[in-house]
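Notes follow the structure.
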Amino acid sequence: FILIEEQDRKERIKGLDALKSNIAAATTISNTLRTSLGPRGMDKMMQSPDGDVTITNDGATILQKMDIQNEVAKLMVELSKSQDDEIGDGTTGVVVLAGALLEHSVKLLERGMHPLRIAEGFERANDLCMPLLESISEAVPLEEDTYQSLTRTAMTTLNSKIVNKIRDQLAEICVKAVMAVADMERRDVNLDHIKLDGKPGGKLEDTCLISGIVIDKDFSHPQMPKEVRDAKICLLTCPFEPPKPKTKHKLEIDTVEKFKEMQDAEKNYFVDMVKKVKDSGANVVMCQWGFDDEANHLLYKNNLPAVRWVGGVEIELIAMATGARIIPRFSEITPEKLGRAKVVKEVPFGTTRDFMTVIEDCASTKAVTIFVRGGNQMVVDEAKRSIHDALCIVRNLIRDHRVVYGGGAPEVACSIAVSDAADQTPGVEQYAMRAFAQALDSYVIALAENSGLSPLETLGQVKSAQVKEKNPHMGVDCMGVGTNDMKVQNVYESLKSKQQQMTHATQMVKMILKIDDMIKPTDYE
């Protein structure tokens, strides 16, 4: 009875109504992100239930922070997340394109066209676009010393972010960071080896690349030296304290002599531990665990600057950067296991008595840190997100060093090609192909709208310029430079990013178009 009662309270939608309901939910999400597209896109301000405020125009971050209940709208969040995981950039574009495809498919559904025929037409159009994008792409050289092409592509990514004022500097930092940790033989980059750290205060321009690691800790004793040159670093994952029995134990002390004996034994443990570290030749100690005042005092007396409570991830990065071996027991400390760095120093920040430890010029530069500064925590967080997108794009270019020119130029070229192909396609799929071309036009229209240009007029100009001049690099002049040629404007986008955007959006639309029966959840009474 309970089951039947609950079923009665739920509403079931079928057929065209179900499709329209799903499309309305998905397009609501895409319309939210539409104004954030392009270099002149607007930011969104979101507040979490805890009261934390986030200001960003990164599509994936906006959708993750939104509290979405509708199941189809959640699919759009997943779409953005998959683009972010795979490529790292283009998260807003992929959702806007999927929304445009769904909007244009509604008109075909109302004319009585079967949803699967629409999906097939979209897939056929997408299959046409993939080789076309490859044909209009250009390979960028990676062998040059300055990596100018990589820097320009990173600059295009940073153009739409809050940090666009210093995009040249940040793009250069991102390229240097990726090239420092890149494995050029395998053409792969592990972004875990690039640590993104930040501290509010200072200007965005103070952001810098450190060929080493920054840890948010200070030396354990205030009188320890603040700078150590030619550092030999001992990395410990064992605590500086006497061993504790693992079973329950009781210690009875009934005389002063016994108490002194226990104190001496405890002191000897510490002395022995510090002696083993000192004998290995180490002059800096980094410990994953804490240590008490006794150990701290002995380390200071033996002129061994130490940092305690260093996180596990940071220990691994320090080991990678300095060439050290992580030591789990004091008995295993040997000179060969020590890491090398030119400087280990404690850096103060402002008047807040905040300190950080910087390990610079390490023996192996296979781990680096990008240290971000900004006026407040929100700016630092948004700068980190922007830098992460740029790092991902540079990594993608090392994996596949082909680029297309941005500003909506690839979308217009694909739209023209798909429209021409639709005229030669028999059957109803030609209408779906035309709808795909119109959806690509909608993407360009959104780009023009957000740049304060006349949308239809701009689209018409760009299309006619591409056809007349047979130049697939003509796009929307968002920044008002005075030329529509994106090659002249140096607006680069990764080919892989653009291909994934179209493929992911087409697959998502096909999935939504296949749902024709659903139970609409209602609130319990």
Side-chain angles (χ1 to χ4, degrees), residues 36-41 43 55-62 80 83-94 140 142 146-182 187-198 203-211 367-374 379-407 478-479 486 489-498 500-501:
S36 294
L37 186 70
R40 303 274 193 196
D43 287 7
I55 300 172
T56 181
N57 73 350
D58 179 55
T61 309
I62 293 168
S80 180
Q83 176 77 10
D84 195 36
D85 292 346
E86 185 71 19
I87 302 296
D89 190 31
T91 49
T92 309
V94 71
V140 297
L142 298 180
T146 54
Y147 303 114
Q148 217 173 3
S149 308
L150 292 179
T151 310
R152 283 174 183 162
T153 314
M155 277 164 60
T156 305
T157 303
L158 295 168
N159 237 340
S160 59
K161 313 291 182 188
I162 199 170
V163 296
N164 63 355
K165 185 177 68 160
I166 55 159
R167 64 178 191 270
D168 303 39
Q169 180 190 338
L170 289 186
E172 216 166 286
I173 286 173
C174 292
V175 171
K176 281 180 182 170
V178 170
M179 296 317 289
V181 302
R187 281 201 175 275
D188 197 17
V189 179
N190 187 348
L191 291 183
D192 292 341
H193 296 179
I194 300 173
K195 188 180 180 218
L196 261 177
D197 214 332
K203 314 189 289 284
L204 266 172
E205 286 86 345
D206 297 337
T207 300
C208 60
L209 176 69
I210 296 163
S211 59
V368 295
T369 304
I370 297 175
F371 191 61
V372 183
R373 302 305 308 276
V379 172
V380 171
D381 290 344
E382 180 62 2
K384 278 190 193 175
R385 282 190 286 269
S386 308
I387 289 169
H388 176 261
D389 284 3
L391 290 171
C392 290
I393 283 296
V394 177
R395 177 199 62 187
N396 294 339
L397 279 180
I398 286 172
R399 287 179 176 171
D400 180 355
H401 59 280
R402 288 175 295 173
V403 294
V404 288
Y405 294 93
C478 299
M479 306 305 284
M486 295 295 120
Q489 282 202 33
N490 290 325
V491 179
Y492 293 81
E493 279 189 67
S494 158
L495 168 68
K496 201 176 174 195
S497 168
K498 196 54 75 179
Q500 288 282 7
Q501 270 188 38

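Please read these numbers as outputs of a predicted model, since none were measured by experiment. Heavy-atom basis, side chains included; hydrogens, waters and symmetry copies ignored.
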message: Lys176: which residues meet the side-chain contact (heavy atoms from CB on, under 4.5 Å) condition with it, sequence neighbours left out?
response: Glu172, Leu209
message: If I compare all heavy atoms of Ser386 with all of Lys161, which pair ends up nearest, and what's the gap?
response: OG-CB, 3.3 Å
query: Considering only heavy atoms from C-beta outward, does the side chain of Arg167 approach that of Asn159 to under 4.5 Å?
result: yes
message: For a side-chain contact (heavy atoms from CB on, under 4.5 Å) check, start with the C-alpha distance between Cys392 and Ile87, then their side-chain angles and the critical distance, and finish with the verdict.
response: CA-CA 6 Å; Cys392 290; Ile87 302 296; over 6 Å; no
task: Please test Leu150 against Thr153 for side-chain contact (heavy atoms from CB on, under 4.5 Å), starting from the C-alpha separation and ending with a verdict.
output: CA-CA 5 Å; Leu150 292 179; Thr153 314; 5.7 Å; no
field: Contacts of Asp381 that satisfy side-chain contact (heavy atoms from CB on, under 4.5 Å) - sequence neighbours left out
entry: Gln377, Arg385
field: side chain to side chain donor-acceptor pair (under 3.5 Å) partners for Ser497, two or more places apart
entry: none
- prompt: Which atoms form the tightest heavy-atom contact between Ser36 and Ile62, and what is the distance?
  reply: OG-CD1, 4.1 Å
- prompt: Hey, is the main chain of Arg152 close enough, under 3.5 Å, to the side chain of Asn490 for a donor-acceptor pair?
  reply: no
Heavy-atom check, side chain of Arg399 versus side chain of Asp188, under 4.5 Å: yes
- prompt: Tell me the salt bridge (charged side-chain N to carboxylate O under 4.0 Å, His left out) pairs involving residues 84-94, sequence neighbours left out?
  reply: Lys81-Asp85
task: Look up atom CG in Leu196 and atom CD1 in Ile370, then write down how far apart they are to the nearest 0.5 Å.
output: 5.0 Å
message: Please enumerate all residues that pass side-chain contact (heavy atoms from CB on, under 4.5 Å) together with Gln169, with sequence neighbours excluded.
response: Ile166, Ile173, Glu205
- line: Pro39 and Met479 have their tightest heavy-atom pair at CB-SD, 3.6 Å
task: Measure the shortest side-chain to side-chain distance between Ser494 and Val403 over non-hydrogen atoms and say whether it is less than 4.5 angstrom.
output: no
- prompt: What are the two closest non-hydrogen atoms of Ala182 and Val189, and how far apart are they?
  reply: CB-CG2, 3.8 Å
message: Rounded at 0.5 Å granularity, tell me how far CD1 in Ile398 sits from CD1 in Ile393.
response: 12.0 Å
query: Can you check whether Asp58's main-chain N or O pairs, donor with acceptor, with Thr56's side chain at less than 3.5 Å?
result: yes
query: Can you tell me how far the CG atom of Asp197 sits from the OG1 atom of Thr369, to the nearest 0.5 Å?
result: 7.0 Å
message: Once rounded to the nearest 0.5 Å, what's the spacing between atom CD of Gln500 and atom CG of Leu495?
response: 10.0 Å
query: Are the side chain of Thr92 and the backbone N or O of Gly59 linked by a donor-acceptor pair below 3.5 Å?
result: yes
- prompt: Are the side chains of Leu391 and Val178 in touch, meaning some heavy atoms are under 4.5 Å apart?
  reply: yes
message: Taking the side chain as everything from C-beta on, heavy atoms only, tell me whether Ile55 gets closer than 4.5 Å to Glu382.
response: no
- line: Those residues at least two apart in sequence (or on a different chain) that pass ring-ring contact (aromatic ring centres under 6.0 Å, His included) with Tyr492 are Tyr405
- prompt: Roughly how far, to the nearest 0.5 Å, is the CZ atom of Arg373 from the CG atom of Asp206?
  reply: 6.5 Å
- prompt: Run the side-chain contact (heavy atoms from CB on, under 4.5 Å) check on Met155 and Asp168 step by step: do they pass?
  reply: CA-CA 6 Å; Met155 277 164 60; Asp168 303 39; 4.0 Å; yes
Heavy-atom side-chain proximity of Leu158 to Asn164 below 4.5 angstrom: no
- prompt: Shortest non-hydrogen contact from Val491 to Gly407?
  reply: CG1-N, 4.0 Å
message: With a sphere of 6.0 Å drawn around NE2 of His388, does it hold more than 12 non-hydrogen atoms of other residues, nucleotides or ligands?
response: no
statement: Closest heavy-atom pair, Ala60 versus Thr91, reported as atoms and distance to 0.1 Å, is N-OG1, 3.4 Å
Approximate separation, where rounding is to 0.5 Å, of Lys496 NZ and Arg395 CZ: 7.5 Å
